[in-house]
Amino acid sequence: MIFAQLRPAIVSFILLTVLTGVLYPLVVTGIAQTVFHKQAEGSLIVSGDGKVLGSSLIGQNFDDPKYFWGRISATSPAYNASSSSGSNLGPLNPALLDEVKGRVTALKAVDPDNNDPIPVDLVTSSGSGLDPHISLAAAHYQLARVARVRGLSTDVVKQIVDQNTQSRFLGLLGEPVVNVLQVNLALDRYKK
């Protein structure tokens, strides 16, 4: 009696394990590698000599004044993709206020003559803590500093930012954004 009930349960377990644990992942991986190869491989940005410089999907820590700075990373260490998480700090949490004040101080220290309002994405972390993008307002806030430190005109730096701006998704959703790694690499490649 028990064996009559146990056999179908074991057969179902093995069949579902093979279907959902082996075949389904193989099919999905095969489709991803075929249709979305770049994304399936991590959207890596590779230099001309084959060196991996980063991913267009994960932010990197830039704090040199000659580079555009991204959003604050909520991960530890910064921009660690294996520990993706938001800060989960509420608007009344003193730790969030301290984090924002610290970032405002850092931004003012490297560009004391900039009296423009600081865009919120430069002083807060994203939901994942890994956001590789900043808003156009955040890029424009940093234009003068980056241009001055690199010895370039703001028009040249703005043109590089414009060339590395991603428009709204499907032309409708979201706001235009700038990938920080890509714009910084473009600046490094720029020849005067």
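- Using a 4.5 Å cut-off between side-chain heavy atoms of Ile, Leu, Val, Met, Phe, Trp and Tyr, with links allowed through other members, L185 and V149 fall into different hydrophobic clusters.
- Here the shortest heavy-atom pairing between A109 and P112 reads O-CD, 3.8 Å.
- Under a 3.5 Å cut-off, the side chain of N114 and the backbone N or O of Y141 do form a donor-acceptor pair.
- The 12-atom threshold is not exceeded at NZ of K101, counting heavy atoms of other residues, nucleotides or ligands nearer than 6.0 Å.
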Could you give me the CA-CA distance, side-chain angles and deciding distance for K66 and L187, then say whether side-chain contact (heavy atoms from CB on, under 4.5 Å) is met? CA-CA 9 Å; K66 73 178 185 176; L187 283 165; over 6 Å; no
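- For the residue pair G70 and L122, the shortest heavy atom distance occurs at O-CD2, 4.2 Å.
- Distance check: E99 CD to L97 CG gives 10.5 Å after rounding to the nearest 0.5 Å.
- Here OG1 of T165 is found 11.5 Å from CD1 of I160. Values are rounded to the nearest 0.5 Å.
- Hydrophobic cluster membership is shared by L23 and L15, with clusters built from Ile, Leu, Val, Met, Phe, Trp and Tyr side chains linked at under 4.5 angstrom.
- One hydrophobic cluster, built from ILVMFWY side chains closer than 4.5 Å, cannot hold both F36 and V28; they sit in different ones.
- A side-chain donor-acceptor contact under 3.5 Å links Q142 to the backbone of W69.
- One distance of note links OG of S12 with CZ of R7; it measures 11.0 Å at 0.5 Å rounding.
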**Request:** Test V157 against Y190 for side-chain contact (heavy atoms from CB on, under 4.5 Å), laying out the working first.
**Result:** CA-CA 10 Å; V157 176; Y190 179 77; over 6 Å; no
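- Here the shortest heavy-atom pairing between V177 and H133 reads CG2-CD2, 3.6 Å.
- Within the 4.5 Å cutoff, side-chain heavy atoms of P176 are placed close to those of R168.
- Minimum interatomic distance between P65 and V110 (heavy atoms only, all atoms of both residues): CG-CG1, 4.0 Å.
- Smallest separation of non-hydrogen atoms from V22 and P25: O-CD, 3.4 Å.
- A continuous path of ILVMFWY side-chain contacts below 4.5 Å connects I10 to F13, so both sit in one hydrophobic cluster.
- Interatomic distance, R145 CZ to L107 CG, rounded to the nearest 0.5 Å: 7.0 Å.
- Taken from CG in D131 to CG in N179, the straight-line distance is 9.0 Å, to the nearest 0.5 Å.
- Atom OG1 of T154 is separated from atom CG of L143 by 7.0 Å, given to the nearest 0.5 angstrom.
- Side-chain N or O atoms of R103 include none that pairs as donor or acceptor with a backbone N or O of T124 at under 3.5 Å.
- Here the closest non-hydrogen pair linking L96 and P91 is CD2-CA, 3.9 Å.
- Placement of V35 and L26 in two distinct hydrophobic clusters is found when ILVMFWY residues are connected by side-chain heavy-atom separations under 4.5 Å, directly or transitively.
- Under the 3.5 Å distance criterion, the side-chain polar atoms of N184 are matched with a main-chain donor or acceptor of F68.
- Counting only heavy atoms from C-beta outward, the side chains of L181 and F62 approach each other to under 4.5 Å.
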